[in-house]
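Just so you know, these numbers use all the heavy atoms, side chains as well, and skip hydrogens, waters and symmetry mates. The structure displayed is predicted, hence computed values, not measured ones.
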Amino acid sequence: MANPDVVLLTKADCHLCAAARDAVGRVTAGLGLSWSERQLDADDELRDRYAEEIPVVLVDGIQRDFWKIDEARLERVLRRAIAGA
């Protein structure tokens with residue numbers, strides 16, 4: 001059983017980011033997982049890659065969702081990651 005690395009990519013003045021923080025927080029808390037947030041504002045490479053998709057959820061380095069976070073989908077992805085599938 002593995003604990004997936006959950007990262008939320010955000011930027012300043014992002015109206016969708018607050019809702020994404022809440023969604024990721026609810027899903028990860030329900031599964032007993034931690035998560036982290038990275039802001040793109042100071043990272044040119046990430047900003048260039050994800051600028052039009054913020055907020056973005058990465059699970060083990062793979063983009064799993066963006067803009068409006070689908071909590072049910074995120075939970076399914078995390079449960080599979082926990083199970084090692």
Worksheet item: Is Glu45 salt-bridged to Arg49, cutoff N-O under 4.0 Å?
Response: no
Practice prompt. Output the distance between atom CG (Leu31) and atom CD1 (Ile82), rounded to the nearest 0.5 Å.
Written response: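 Interatomic distance, Leu31 CG to Ile82 CD1, rounded to 0.5 Å: 5.0 Å.
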Worksheet item: What's the spacing between Arg38 CZ and Asp43 CG if we round to 0.5 Å?
Response: 5.5 Å
Worksheet entry | Heavy-atom closest contact (Thr28 atom, Ser34 atom, distance) | CG2-O, 4.4 Å
Please tell me whether [X] and [Y] are part of a single hydrophobic cluster in this structure, the criterion being side-chain heavy atoms less than 4.5 Å apart.
| X | Y | value |
| --- | --- | --- |
| Ile69 | Trp67 | no |
| Val24 | Val7 | no |
| Leu58 | Trp35 | no |

Can I get a per-line list of side-chain donor-acceptor pairs under 3.5 Å for residues 8-21, giving both atom names and the distance, sequence neighbours left out?
| from | atom 1 | to | atom 2 | distance (Å) |
| --- | --- | --- | --- | --- |
| Thr10 | OG1 | Glu37 | OE2 | 2.7 |
| Arg21 | NE | Glu37 | OE1 | 2.9 |
| Arg21 | NE | Glu37 | OE2 | 3.1 |
| Arg21 | NH2 | Glu37 | OE2 | 2.9 |

Worksheet entry | side-chain hydrogen bond (donor to acceptor under 3.5 Å, both in side chains): pairs with one or both residues in residues 50-60, sequence neighbours excluded | Glu53-Gln63
Worksheet item: For the side-chain contact (heavy atoms from CB on, under 4.5 Å) test, which of Val77, Leu78, Leu74 pairs with Val57?
Response: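 Considering Val77, Leu78, Leu74, a side-chain contact (heavy atoms from CB on, under 4.5 Å) with Val57 is found only for Leu74.
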Worksheet entry | Asp65 side chain to Asp70 backbone, donor-acceptor under 3.5 Å | yes
Worksheet item: For Asp44, what residues pass the side chain to side chain donor-acceptor pair (under 3.5 Å) criterion, not counting sequence neighbours?
Response: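 So Asp44 forms a side chain to side chain donor-acceptor pair (under 3.5 Å) with Arg47.
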